[in-house]
Protein chains: 2
Amino acid sequence: MNYQEFQKSINVSKEQLYREIYLANRDQIQVKKEETVIRNLSRIFDAALKISNEKGFQAMSMRDFSKETALSMGALYSYFASKDELLDMILRQGRQLVVRILNAHIQPIEDPVTKLEAAIRIHIYLSEALQPWFYFSFMEVKNMSPAEKENTVAGELYTDQIFADILIEGQAAGHFAARDPQQSASGIKALLQDWYVKRWKHARRQTSVDAYADFIVDFVMAYHRVSDGGKVQRS
Amino acid sequence: MNYQEFQKSINVSKEQLYREIYLANRDQIQVKKEETVIRNLSRIFDAALKISNEKGFQAMSMRDFSKETALSMGALYSYFASKDELLDMILRQGRQLVVRILNAHIQPIEDPVTKLEAAIRIHIYLSEALQPWFYFSFMEVKNMSPAEKENTVAGELYTDQIFADILIEGQAAGHFAARDPQQSASGIKALLQDWYVKRWKHARRQTSVDAYADFIVDFVMAYHRVSDGGKVQRS
DNA sequence: GTCTATATACGGATAGAC
DNA sequence: GTCTATCCGTATATAGAC
């Protein structure tokens, strides 16, 4: 799979996504006309991610936010009870979407080697498609409520475990060399996160998302190859 | 080298470090008694890093800060002109120290393979010794003045280049396999950064700094081994 | 549903006493 | 050198008109 194919496969219409958010937060949202809610939620989420990724969620004032969404401060507060509630909403919805897409693509695969490569690619492609959200959820940990902080940590450990489980299975079947699976998984995650955290660096080098995925797959596979014919040699 | 040895080798006394900071910022600092300056600068830097790493520099109020340093707000402002100046001071001093130690340890080494391993270890050990500063400089990019942001980016590219140069030299001498050196360097950096960015995860798994360094060295070396006898096998 | 106007609190920074 | 008291801008959030 490459990025273009991945994009097609997750082609959930934006409208569909925001309808789900509306239904999930029906109690918080005072506005009742569904069409209006969907249009405005879309503006609200996009604006919040845009401004936060430029200057941080905490540094985003409601006045900035009001300007970017083209909604008055009064109107905004009929979609969420407080700025902190908005933060929670963004995190919750993103996490849900990420888990759903990850599982849909990875779980069906049987062969551990194919599965490891797929998991790496899907994670990179997903973080490309939802880059603003991934970056946001990485950088805003400090501003989260204790409950949301826990959820974010749990999410991180959950995806670590996806990789660890694939490695364990592959080692048992003799396809991967014996390595500490948790440690490997954590290293893989570090490499994946670099794609959306250090975006400016990859853009500067004009690395495409597919080229980056190829690189990480090679890098990771080299460490898990079963036998080891070569060695680095000291002079 | 292990972490304990490294610690001894950089045993610059704290007092010596703060004396340098005082001399470098003599114009900004209104207080003239050197002993007082050193004592208070030490409090100021420690407190700023501590609070910022908990809740972010921008969320740290001068009142919080005053309490943590046990200095009044009035007193604080005789050590820096504004909160933003304080940010700049912290970044400048840390960068200077980091570059000095990195070069001192890495430049003398000749053999590329030994040098690559040393560069990895030194970087990890250094980020362990100065963990609060590394984390700060990573997370506070958004709050930096344009000039400091540029310096931070330059610092990142500078250390990338250290690794790239080692790889280029090693490839030319036939000790490393042919890989894109810039790409490799960037991947190595991602793995190194994980040590101080995801500290909670490594602490939870009780990974020691030496164990982490061993792991990264193995991981990176596997990718740069000259010949490749083994393969992962798909079932 | 959305707006404008405003209540209220808290931010950084400084003046002047000691 | 350090402190307390205070200035003044800006923050979030809401009330009430339309």
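We name chains A, B, ... by the order of the sequence lines, and we start the count at 1 in each one.
A/Gln58 has its CD atom 11 Å from the P atom of D/dA11, to the nearest Å. When rounded to the nearest whole Å, the span between CG of A/Leu87 and P of D/dT12 equals 13 Å. The nearest whole Å value for the distance from the CG atom in B/Asn143 to the P atom in C/dG12 is 12 Å. Taking atom CE on A/Met73 and atom P on C/dA7, their separation rounds to 14 Å, with Å as the unit. Between the CD atom of B/Gln30 and the P atom of D/dT2 there is a distance of 11 Å, rounded to whole Å. Rounded to whole Å, the distance from NZ on B/Lys67 to C1' on D/dT2 is 18 Å. For the pair A/Arg39 CZ and C/dG1 C1', the interatomic distance rounds to 10 Å; values are reported in whole Å. At whole-Å resolution of the value, CG in B/Leu71 and C1' in C/dA13 are 16 Å apart.
Checking C/dT14, D/dC3, D/dA13 against every side-chain atom of A/Ser82, the shortest atom distance belongs to D/dA13. Closest to the side chain of B/Arg63, out of D/dT4, C/dC3, C/dG11, is C/dG11. Here the side chain of B/Lys83 is nearest to one of C/dC3, C/dG12, D/dT14, namely C/dG12. Of the candidates C/dG12, D/dT14, D/dT2, the closest approach to any side-chain atom of B/Tyr77 belongs to C/dG12. For B/Val31, the side-chain atoms get nearest to D/dG1 when compared with the rest of D/dA13, D/dG1, C/dA13. Distances from the side chain of A/Lys32 to the nucleotides C/dG1, D/dT2, C/dG12 place C/dG1 closest. Closest to the side chain of A/Ala75, from the set D/dA11, C/dT2, C/dA13, is C/dT2.
Taking the centre of each ring, A/Phe138 and A/Phe134 stay at or above the 6.0 Å mark.
Of the N and O atoms on the side chains of B/Asn25 and B/Gln28, not one donor lies less than 3.5 Å from an acceptor on the other residue. A donor-acceptor contact under 3.5 angstrom links the side chains of B/Ser9 and B/His105, judged on distance only.
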For this session: Walk me through it: do A/Lys14 and A/Ser42 pass the test side chain to side chain donor-acceptor pair (under 3.5 Å)?
Result: CA-CA 8 Å; A/Lys14 253 202 169 176; A/Ser42 156; 4.6 Å; no
For this session: List the steps, then state whether ring pair (Phe, Tyr, Trp, His ring centres under 6.0 Å) holds for A/Tyr196 with A/Tyr135.
Result: CA-CA 6 Å; A/Tyr196 57 88; A/Tyr135 188 71; 7.7 Å; no
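Within 4.0 Å (heavy atoms only), B/Tyr79 reaches sugar-phosphate atoms of the nucleic acid but no base atom. Backbone-only engagement by A/Ser61 is indicated by non-hydrogen atom pairs under 4.0 Å involving sugar-phosphate atoms exclusively.
Where B/Asn40 and A/Ala81 each meet DNA chain D at their nearest nucleotide, the meeting point lying more 5' is that of B/Asn40.
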